[in-house]
Amino acid sequence: MKYISTRGQAPELNFEDVLLTGLASDGGLYVPKDIPQFSQEEIQSWAELPYHELAFKVISPFVGDSFDEKTLKRILKETYTGFAHKAVAPLQQIDHNEYVLELFHGPTLAFKDFALQLLGRLLDESLQKRDEKVVIMGATSGDTGSAAIEGTKACKNVDIFILHPHNRVSEVQRRQMTTIKGDNIHNIAIEGNFDDCQQMIKQSFADQSFLRGERRLVAVNSINWARIVAQIVYYFYASLNLGGPKREMAFSVPTGNFGDIFAGYIAKKMGLPIKQLIVATNKNDILHRFLSKNLYEKHPLQHTLSPSMDIVVSSNFERLLFDLEDRNGEKLAELMEKMGSETVSLDEAKMSKARELFDSYAVDDQTTSDTIKEVFEQSEYLLDPHTAIGVKAARETRRDMNIPMITLGTAHPVKFTDAIKKAGLVSPSLPAHLSDLMEREEKFSVLENDLKAVHNFVEKTIF
Ligand SMILES: Cc1ncc(COP(=O)(O)O)c(C=O)c1O
Ligand SMILES: N[C@@H](CCOP(=O)(O)O)C(=O)O
């Protein structure tokens, strides 16, 4: 399997090299040259498989010969047998033909564990084989940070630097990152917002001179294709558990960086019958405005009850635009340049293609609170604020009541106690492995919103 850059100028790479990088050298994102296809019969034959075996079927064509079959199977088994729920990604029915796919039974209680528990193990395997040490840099609006640290903390060949917006993640989220001990773990609170953090990561890939040519820079955000690939699996898993592929499914996906929903789009391209994919956003609704009005226009970032989705520039949207531009890297590079500085509309043919693929809906804080309360009163099921946005969007945009509607349950409500209290409900207790989280000692550095300051910090730490 070969990977190409969305901007058409970077060298083609195999899966292992894509895993060991972030942005392509031309500033684009790596995508598979061809998407693997499965027949309905083949998908059907996986109906009884446990999660890790299904993951092997879905992921192995993307991995190609980068990891041998035995190693990949071992790593997948280790990854998913570590989840707290036996089903790994259980479905909870919340109404007639309406479900939440619980993706928060990993160690950090958010869907990011599905990919980052795997990515950490793949990295470890690869770096040990190569006898190479790397620097990881990541930006987080709350969940990627702890999942990335948890996933890579055992890797001896890694120094990890995670940037989060100072005072803009929940207390549980911050403590989950800043209390993990390890000399190779470095948390940085940036006096800015998530977009500032993400921008600094992208700029770091563009100019890596601060690493003095001695270390490779690796991404843990969903700009790294290995993140997306792991997230495709649970679309297959949910569908197979509800009678797919003989039945079509609809998915509603709380969206920030467009990684999780992009994984659903790929699952559909691979042959999974998905009737509807819903982009559910909070007030940072650039994607909803784009899909509904054909206007890509950046508004200032707003802080909401769903902080992990407080994102303006969605990195993975570029991967979709690449397909809408018929995979023409040159045209895409021009479009991305324009989108960086002005309001952009697509031509109508491309826009209608995008609208055939996705519905969208934006939810404000009051409605998020109301939805948490309403679902709890109806079904005694407690949603986290991100999942609540997915459920609300599903209910508002559903096209066919006979098709099962699955909202991705992206985080456990215990991570967002303030939002739960605002909805007038009682927050659950932390699970046993985190029960003393509020007493643990925290370690992080606060830095100004300045790339040079961050690079100096990294340099001083590792050299
Ligand atoms: C809890 C939660 N829900 C939803 C999202 C959005 O996912 P994505 O960025 O893949 O669109 C995130 C992070 O981005 C998250 O942490
Ligand atoms: N919501 C994320 C933001 C980063 O997204 P990613 O999918 O690119 O890692 C977070 O919680 O950190």
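The figures here come from the full heavy-atom set of this structure, side chains too, leaving out hydrogens, waters and symmetry mates. Order of appearance sets the numbers: ligands from 1, and atoms from 1 within every ligand.
Panel note: side chain Asp195, backbone Val312; a donor-acceptor pair is recorded below 3.5 Å. With hydrogens and angles ignored, the 3.5 Å screen pairs a side-chain donor or acceptor of Arg319 with a backbone N or O of Ile223. Glu297 contributes no side-chain N or O that, together with a main-chain N or O of Arg289, makes up a donor-acceptor pair within less than 3.5 Å.
Atoms of ligand 2 found under 4.0 Å from any heavy atom of Asn221 (numbered from 1 in listed order, with element): 4 (C), 5 (O), 6 (P), 8 (O), 9 (O). Near Phe194, meaning under 4.0 Å from any of its heavy atoms, are these atoms of ligand 2: 3 (C), 4 (C). Per-residue contacts place Arg227 under 4.0 angstrom from the following atoms of ligand 2 (heavy atoms of the residue considered): 6 (P), 7 (O), 9 (O). The Thr140 neighbourhood of ligand 2 comprises atoms 10 (C), 11 (O), 12 (O), with distances under 4.0 Å to a heavy atom of that residue.
In terms of protein heavy-atom proximity, atom 1 (N) of ligand 2 is nearest to Ser308 O, 2.9 Å. When hydrogens are left out, the protein atom nearest atom 5 (O) of ligand 2 is Asn257 ND2, 3.3 Å; that is the closest non-hydrogen contact. Summary of contacts: the protein heavy atom closest to atom 6 (P) of ligand 2 is Ser222 OG, 3.4 Å. Counting only heavy atoms of the protein, atom 9 (O) of ligand 2 lies nearest to Thr144 OG1, 2.6 Å.
At a 3.5 angstrom cut-off on N or O pairs, Gln198 does not count as close to ligand 2.
Taking 4.0 Å as the cut-off, Gly142 counts as a neighbour of ligand 2 on heavy-atom distance. Ligand 2 lies less than 4.0 angstrom from a heavy atom belonging to Ser141. At a 4.0 Å cut-off, not a single heavy atom of Met309 sits close enough to ligand 2 to count as contact.
Sorted by chain then number, the residues whose non-hydrogen atoms approach ligand 1 to under 4.0 Å are Phe111, Lys112, Asp143, Pro254, Thr255, Gly256, Asn257, Phe258, Gly259, Asp260, Ser308, Met309, His386, Thr410, Ala411.
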Worked check of side chain to side chain contact (heavy atoms under 4.5 Å, CB included) between Tyr235 and Leu408
CA-CA 9 Å; Tyr235 287 89; Leu408 300 198; 3.4 Å; yes
Under the criterion side chain to side chain contact (heavy atoms under 4.5 Å, CB included), I'd like the reasoning laid out for Phe322 against Glu318: C-alpha separation, chi angles, the key distance, then a yes or no.
CA-CA 6 Å; Phe322 180 58; Glu318 173 162 351; 5.6 Å; no
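Counted by atom type alone, Asn224 and Arg227 present zero donor-acceptor pairs between their side chains at under 3.5 Å. When only modelled atom types and interatomic distance are considered, Ser66 and Glu16 share no side-chain donor-acceptor pair under 3.5 Å.
Screening Phe114, Phe104, Phe111 against Phe83 for a ring-ring contact (aromatic ring centres under 6.0 Å, His included) leaves a single residue, Phe114.
Of the listed residues (Val169, Asp143, Ile201), the one carrying the non-hydrogen atom nearest atom 11 (O) of ligand 2 is Asp143.
Of the inter-residue distances, the one linking Leu272 atom CG with Phe236 atom CZ reads 5.0 Å to the nearest 0.5 angstrom.
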What pairs of donor and acceptor atoms, side-chain ones from residues 411-424 against any protein atom, are under 3.5 angstrom apart with sequence neighbours left out?
unit_1	atom_1	unit_2	atom_2	d
His412	ND1	Val414	N	3.0
Lys415	NZ	Thr108	O	2.7
Lys415	NZ	Asp143	OD1	2.7
Lys415	NZ	Gln176	OE1	3.2

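Scored by the side-chain contact (heavy atoms from CB on, under 4.5 Å) test, Ser141 finds Phe194, Ser308, Ile311 as partners (sequence neighbours excluded). By the side-chain contact (heavy atoms from CB on, under 4.5 Å) test, Gln9 pairs with Asp26, sequence neighbours left out.
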